[in-house]
Amino acid sequence: MKAKQTMETPESDLDDEDFLRAHYESQHHRGRLESPTVSFSLLNRTCGDCVILDLQLEDSQITQAKFEAQGCVISQAAASILCELITGMEIASLKEFDAPAMLQAIRIPLSPRRKRCGLLAWEALQSMLTELNHQVKGDKDE
């Protein structure tokens, strides 16, 4: 799935590098949720970047997304972009949000080594979706 099909990349007057820097500097989605429905931490062992992603869910919809991150501009900006994109979305629609769509949302081309930085928060989200899927299956089995 491409980002533009269901997840519009926010259009702005900023060029792509300024867009990335604005997300890096933004405090809007930074921080932790007091009582997240689900939370996941992921470390990129190659470079040391780390992200913690917190989601608040209501009726299978993401009502809030926050992150805490340490690392490069790309990994932190990507976490902010991800939180902005997924807030308000239904969990079911996230199953189609793939790595190429996340990389497209970042808006700048990344070298193979930097793609992992750009995908770190997305990988945390994928792990969360797997965890939520297991919880739902577990609930149905009981």
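Since we're looking at a predicted model, the values are computed, not measured.
- Ala105 and Phe19 make their closest contact through O-CE2, 3.5 Å (heavy atoms, listed as atom of the first residue, atom of the second, distance).
- For the atom pair OG of Ser80 and NE2 of His23, the computed distance is 5.0 Å after rounding to the nearest 0.5 Å.
- Summarising the geometry of Leu53 relative to Phe67, their closest heavy-atom pair is CD1-CB, 4.4 Å, with the distance given to 0.1 Å.
- Checked against side-chain contact (heavy atoms from CB on, under 4.5 Å), Leu110 has the following partners two or more places apart in sequence or in another chain: Ile74, Leu103, Ile106, Ile108, Arg114, Lys115.
- Shortest non-hydrogen contact noted between Cys117 and Ala78 is O-CB, 4.5 Å.
- Taking CG from Leu20 and CD from Gln76, the interatomic distance works out to 10.5 Å, rounded to the nearest 0.5 Å.
- To the nearest 0.5 Å, atoms CD1 (Ile86) and CD (Gln61) are separated by 11.5 Å.
- Among residue pairs with one or both ends in residues 55-71, none qualify as salt bridge (Lys or Arg N to Asp or Glu O under 4.0 Å); sequence neighbours excluded.
- Applying the side chain to side chain donor-acceptor pair (under 3.5 Å) rule to pairs touching residues 32-41 yields Arg32-Ser39, Arg32-Asp54, Thr37-Gln56, Ser39-Asp54, sequence neighbours excluded.
- Within 6.0 Å of CD in Glu90 there are more than 12 heavy atoms belonging to other residues, nucleotides or ligands.
- In this structure, Gln104 CD and Asp98 CG are separated by 9.5 Å, a value rounded to the nearest 0.5 Å.
- Side chains of Ile91 and Leu94 form a contact here, defined as non-hydrogen atoms less than 4.5 Å apart.
- For the salt bridge (Lys or Arg N to Asp or Glu O under 4.0 Å) condition, the pairs that include at least one residue of residues 119-129, sequence neighbours left out, are Arg116-Glu123.
- Annotation: the span from Thr63 atom OG1 to Met89 atom CE amounts to 14.0 Å, rounded to 0.5 Å.
- With a 4.5 Å cut-off on side-chain heavy atoms, Leu57 and Leu132 count as touching.
- Closest of all the heavy-atom pairs between Gly71 and Asp49 is CA-OD1, 3.0 Å.
- Annotation for Leu82 and Ala121: closest pair CD2-O, 3.5 Å, computed over non-hydrogen atoms.
- In this structure, the side chain of Thr87 does not engage the main chain of Glu84 through any donor-acceptor pair within 3.5 Å.
- No side-chain heavy atom of Gln64 sits under 4.5 Å from any side-chain heavy atom of Leu55.
- A 6.0 Å sphere centred on CD of Gln70 holds no more than 12 heavy atoms belonging to other residues, nucleotides or ligands.
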Determine, step by step, whether Thr130 and Asn133 satisfy the side chain to side chain contact (heavy atoms under 4.5 Å, CB included) criterion, reporting the C-alpha distance in whole Å, the side-chain angles of both residues, the deciding distance to 0.1 Å, and the verdict.
CA-CA 5 Å; Thr130 300; Asn133 191 33; 5.6 Å; no
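- At a threshold of 4.5 Å between side-chain heavy atoms, the hydrophobic network of Ile, Leu, Val, Met, Phe, Trp and Tyr places Ile52 and Ile62 in two separate groups.
- For the atom pair OG of Ser127 and CG of Leu42, the computed distance is 6.0 Å after rounding to the nearest 0.5 Å.
- Every residue two or more places apart in sequence or in another chain that forms a side-chain contact (heavy atoms from CB on, under 4.5 Å) with Ala99 is listed here: Leu119, Trp122.
- Evaluation of the side-chain hydrogen bond (donor to acceptor under 3.5 Å, both in side chains) rule for Asp16 yields Arg107 as partners, not counting sequence neighbours.
- Hydrophobic cluster membership differs between Leu33 and Val51, with clusters built from Ile, Leu, Val, Met, Phe, Trp and Tyr side chains linked at under 4.5 angstrom.
- Of all non-hydrogen atoms in Cys50 and Leu43, the two that sit nearest each other are CB-CD1, 4.1 Å.
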